[in-house]
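Keep in mind that the numbers below use all heavy atoms, side chains included, and drop hydrogens, waters and symmetry copies. Every value quoted in this text rests on a predicted model; they were computed, and no experiment measured them.
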Amino acid sequence: PAAAAMSEQAGGRRRRVHAVSSTRSGIGKTLYARTLVACLSEAGPPPLVFDTDAPEGDLATFAESHARVVDLARVEGQMALFDTLVAAGFSDAVIDLGRAPAATFLSLGSELALFGPNAPGNLRFVHHFLIDPSERAVEQALRLKHTLGVAGHVVAVENRFVFDPE
C-alpha cells in the first residue's frame, strides 16, 4: 500500500498491464483481448499490444498501428516485451498469451520481480484468465493468483458461448 501510494504521488496512476491467457485454444482468448484493446482505446490512448502467437499474430492484425508480435521462446522476443513494459511512455498494455508463452511470461516476470508491489516502471498487472468448466482450469487460476500475489489481480472469465466438442 505505501509503495502504491508513493508511486501515485510520484507519477500518476500505475500503468496497467493486461495479460490474457487460457487453459486451451479456441476458448475466445484473442477475441477477449481484442475487445479489451477496443475498450481501452475508447477510454484513452490506445494501449500497447503484444501478441505472443508468433509468427501469425491474429491480435496484431487487429491493432496494427500499436501492436507487436513477440516470440517468447526466443530471447529477442522476451527482451522486446519486458524492456518495453518497464520503459515509460505508455498508459496501458494488453498481452495476448498462448499456453506455452504464458508459462514463460509468468516465470520471467517473477524472476524480474515485475509482479510485486515494487515492480519497476510503476506497473500493475491484471491477468484475465479465460477458464473452461474443468477443475484443472480453476486450479490453474488459483496457482496464477498465488504467483501474482497481492500486487496483481486475476480475473477468471468463463466464455459460455464457446462450443465444447467433448
| query | What residue among H127, H128, K29 forms side chain to side chain donor-acceptor pair (under 3.5 Å) with S21? | reply | H127
| query | Parallel under 30°, tilted from 30 to 60°, perpendicular over 60°: which one fits the rings of F105 and F82? | reply | parallel
| message | Can you confirm whether more than 12 heavy atoms, excluding those of E76, are under 6.0 Å from its CD atom? | response | yes
| message | Do L81 and I95 have side chains that approach each other closer than 4.5 Å (heavy atoms only, starting at C-beta)? | response | yes
| remark: Heavy-atom closest pair (V86 atom, R15 atom, distance to 0.1 Å) is O-NH2, 3.8 Å
| For G77 against L72, the heavy-atom pair lying closest together | O-CD2, 3.9 Å
| note | Given the options T52, D51, T84, R68 meets side chain to side chain donor-acceptor pair (under 3.5 Å) only with T84
| L130 vs Y32 side-chain heavy atoms within contact, under 4.5 Å | yes
| query | Roughly how far, to the nearest 0.5 Å, is NE2 of H18 from SG of C39? | reply | 10.5 Å
| side-chain contact (heavy atoms from CB on, under 4.5 Å) between D53 and V69, worked out | CA-CA 7 Å; D53 189 15; V69 178; over 6 Å; no
| request: List the atom of L97, the atom of P101, and the distance in Å for their closest heavy-atom pair. | output: CD2-O, 4.0 Å
| field | D58 and T30 side chains, donor-acceptor separation under 3.5 Å | value | no
| field | Residues R16 and S91: side-chain donor-acceptor under 3.5 angstrom | value | no
| task | Determine whether L108 and Q78 make a side-chain contact, defined as any pair of heavy atoms from C-beta on separated by less than 4.5 Å. | result | yes
| Any side-chain heavy atom of L40 sitting closer than 4.5 Å to one from V94? | yes
| said: Within the structure provided, determine whether F90 and L85 are in side-chain contact (heavy-atom separation under 4.5 Å). | reply: yes
| said: A side-chain contact here means heavy atoms from C-beta on lying under 4.5 Å apart; do V17 and D92 qualify? | reply: no
| Single-linkage hydrophobic cluster, 4.5 Å side-chain cutoff, L123 and L48 together | yes
